[in-house]
Participant: 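Mind looking over this structure? Questions follow.
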Amino acid sequence: MKMIQANNLFKSFGQHTVLNDVSFEVNKGEVIAVIGPSGSGKSTLLRCLNGLEEIDSGIIAIESEHYADKNHGGKDKINLKEKKNIATKLGMVFQHINLFPHKTVLENVIEAPITVLKMKKNDAIPLGEALLEKVGLLDKKDFYPSKISGGQKQRVAIARALGMNPDIMLFDEPTSSLDPELVGEVQKVIADLVKEKMTMMIVTHEMRFAEEVADRIIFMDEGRIIADEKPEKIFYNPEHPRIMSFIENIAMRQLIDKD
Amino acid sequence: MENYLQYIYDSSIFILKGSILTVQLYFVTIVFSIPLGIILALMKISKYKFLKLSIGFYTWVFRGTPLLLQLFFTYYGLSIFGINLPPFTAAALTFVINYSAYLTEIYRAGIESIDKGQYEAAKALNMNYYQTMKRIILPQVVRRTIPPTCNEAINLVKDTALVVIIGMGDLLRSAKELFSRDFAVTPFIIAAVIYLLMTSVIVFFFKKIEVKYSIYE
């Protein structure tokens, strides 16, 4: 089953084209890592998928239902209500985490199930606790976000997104704002979701992690997808000169870091 | 000495009676202007240009002219157009409109200070605008705007003294009457003490709320 189909997406901010004719598909249970240089449009792509940004033109279908369908300068053919229904299938985790600071860890997780899904509080609490257990933070459920570490916050954010029971999870650089020693715990939680066959798109700068978890790698450069291949191909046998120099650069940097 | 204590006691009672009106005006203003300030702030940040501009005009006028002038206008000025408001109504109306203007700008700034990531997180969880504002944004705004709201609440205690000029009897006027009768400063000192007590209660109250809301920091 096709979980995401994107056809000819265009998006620009003023004069700057961020998505330039982007097309791809994601199948059920697939894990896609989106990599590429900064400013290549990776984050914007995810944000267009869950409606935080609007595309200028193109078609997006989520589970074969049209989610956005737009011609240049035209109106979106999909009405807001349908969009909202389809959007519930997507969960998102942000680089800047964005937990609700005035709510406890558990309250963060059960907020949307209660207000959006109209779940009863008595049903939402066990759900929230189960999700916190899954990310290993049940003991922190009554803590406020300010009292836990960055890695723990991001794990709560993952539990919060899972609380809406999404079919697809989008991760926008989930470990980029974390101290290096906290990256592992978040990656482990994501790896657990991979084992459960969750469909995921992960924008990341962690190449080793991308290679480890991804079924496919989408490489973006200047708003275009210049490769959509298996990780082995991208990392060990890249054809495109841009990819070659990107991978070499990263390899160099990691060597320097080790010294 | 005993006579003097008796004098202080009698004067205090007299001035406290005058302060009933001060307290009434105070509560009417607070009860109406805080919710009104929040609503107008939400309207001011809305995407409707007309709303934005009209509320911008409103806060510009009422923050930019003296409260005393506004009081003159509602009480004396409107009577020229045949609108004769009783003094308390005129005062309450003016105070609510004036304080709402200040609070609107305080809450507007408060709302704008919330990180846009909070809106995005709420949107990604499919919360609608109303849910996002009520459950996510406004609780954080209330916390952040406690100190400036407290300032306004203290100013209001002192501003109530302005009603004297539209012929209303309040705390300060009672003190002034005693002064004129006895030619002694004691009534003024008593009035000062009562004002200080009132503002202290307000500060204490806001400190309590601040502590209650700051547990998440």
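These values consider heavy atoms only, across backbone and side chains, with no hydrogens, waters or symmetry-generated copies. Per chain, numbering begins at 1; letters A, B, ... match sequence-line order.
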Participant: Taking A:Asn50 for its side chain and B:Ala124 for its backbone only, find out whether a donor-acceptor pair lies under 3.5 Å.
Facilitator: no

Participant: Are there over 12 heavy-atom neighbours, none belonging to B:Lys176, within less than 6.0 Å of that residue's NZ?
Facilitator: no

Participant: Return the CG to NZ distance between B:Asn126 and A:Lys89, rounded to the nearest 0.5 Å.
Facilitator: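 Result: 11.5 Å between the selected atoms.
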
Participant: Take atom CD in B:Glu112; do more than 12 heavy atoms of anything else shown fall under 6.0 Å from it?
Facilitator: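 Atom CD in B:Glu112 is packed in, count exceeds 12.
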
Participant: Who among B:Arg143, B:Lys123, B:Lys134, B:Glu120 has the most heavy-atom pairs with chain A under 4.5 Å?
Facilitator: B:Glu120

Participant: Does a sphere of radius 6.0 Å around NZ in B:Lys52 hold more than 12 heavy atoms from other residues, nucleotides or ligands, not counting ones at 6.0 Å or beyond?
Facilitator: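 Correct, the count exceeds 12.
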
Participant: For A:Leu90, is it the side chain, the backbone, both, or neither that has a heavy atom closer than 4.5 Å to a heavy atom of chain B?
Facilitator: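 Only the backbone of A:Leu90 comes within 4.5 Å of chain B.
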
Participant: Looking only at heavy atoms, which two atoms of A:Phe94 and B:Ala121 are closest? And how far apart?
Facilitator: CE1-CA, 3.7 Å

Participant: For A:Glu82, is the CD atom crowded, meaning more than 12 foreign heavy atoms sit under 6.0 Å from it?
Facilitator: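 Counting neighbours around CD of A:Glu82, more than 12 heavy atoms of other residues, nucleotides or ligands fall under 6.0 Å, so yes.
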
Participant: Which pair of non-hydrogen atoms, one from A:Lys103 and one from B:Arg135, has the smallest distance, and what is that distance?
Facilitator: CE-O, 3.6 Å

Participant: What are the two closest non-hydrogen atoms of A:Lys84 and B:Met127, and how far apart are they?
Facilitator: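 Of all heavy-atom pairs spanning A:Lys84 and B:Met127, the closest is NZ-O, 4.0 Å.
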
Participant: Side chain, backbone, both or neither: which part of B:Gln131 has an atom under 4.5 Å from a heavy atom of chain A?
Facilitator: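 For B:Gln131, the side chain is the part near chain A, not the backbone.
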
Participant: Check each atom of A:Phe100 against the heavy atoms of chain B and say whether the ones under 4.5 Å are side chain, backbone, both or neither.
Facilitator: both

Participant: Could you tell me whether A:Lys147 atom NZ has more than 12 heavy atoms of other residues or ligands within 6.0 Å of it?
Facilitator: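 It does: A:Lys147 NZ has more than 12 such atoms within range.
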
Participant: At a 4.5 Å cut-off on heavy atoms, which part of A:Arg47 comes close to chain B: side chain, backbone, both, or neither?
Facilitator: side chain

Participant: Chain B heavy atoms under 4.5 Å from A:Ile97: which part of the residue, side chain, backbone, both or neither?
Facilitator: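 Neither part.
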
Participant: Does OH in B:Tyr129 sit with more than 12 non-hydrogen atoms of other residues, nucleotides or ligands closer than 6.0 Å?
Facilitator: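 Count over threshold, so yes.
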
Participant: Can you tell me how far NE2 of A:His96 sits from NZ of B:Lys116, rounded to the nearest 0.5 angstrom?
Facilitator: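 Here the rounded value is 7.5 Å.
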
Participant: Considering only heavy atoms from C-beta outward, does the side chain of A:Pro101 approach that of B:Gln118 to under 4.5 Å?
Facilitator: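 The answer is yes; the side chains approach within 4.5 Å.
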
Participant: Tell me if the CG atom of A:Asn79 is crowded by more than 12 foreign heavy atoms within 6.0 Å.
Facilitator: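 Counting neighbours around CG of A:Asn79, more than 12 heavy atoms of other residues, nucleotides or ligands fall under 6.0 Å, so yes.
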
Participant: Around atom NZ of A:Lys197, are there more than 12 heavy atoms of other residues, nucleotides or ligands at under 6.0 Å?
Facilitator: no

Participant: If you take all heavy atoms of B:Leu125 and A:Ala161, which pair is closest and at what distance?
Facilitator: CD2-CA, 4.3 Å

Participant: Using non-hydrogen atoms and a 4.5 Å limit, figure out which bit of B:Asp115 sits close to chain A: side chain, backbone, both or neither.
Facilitator: side chain

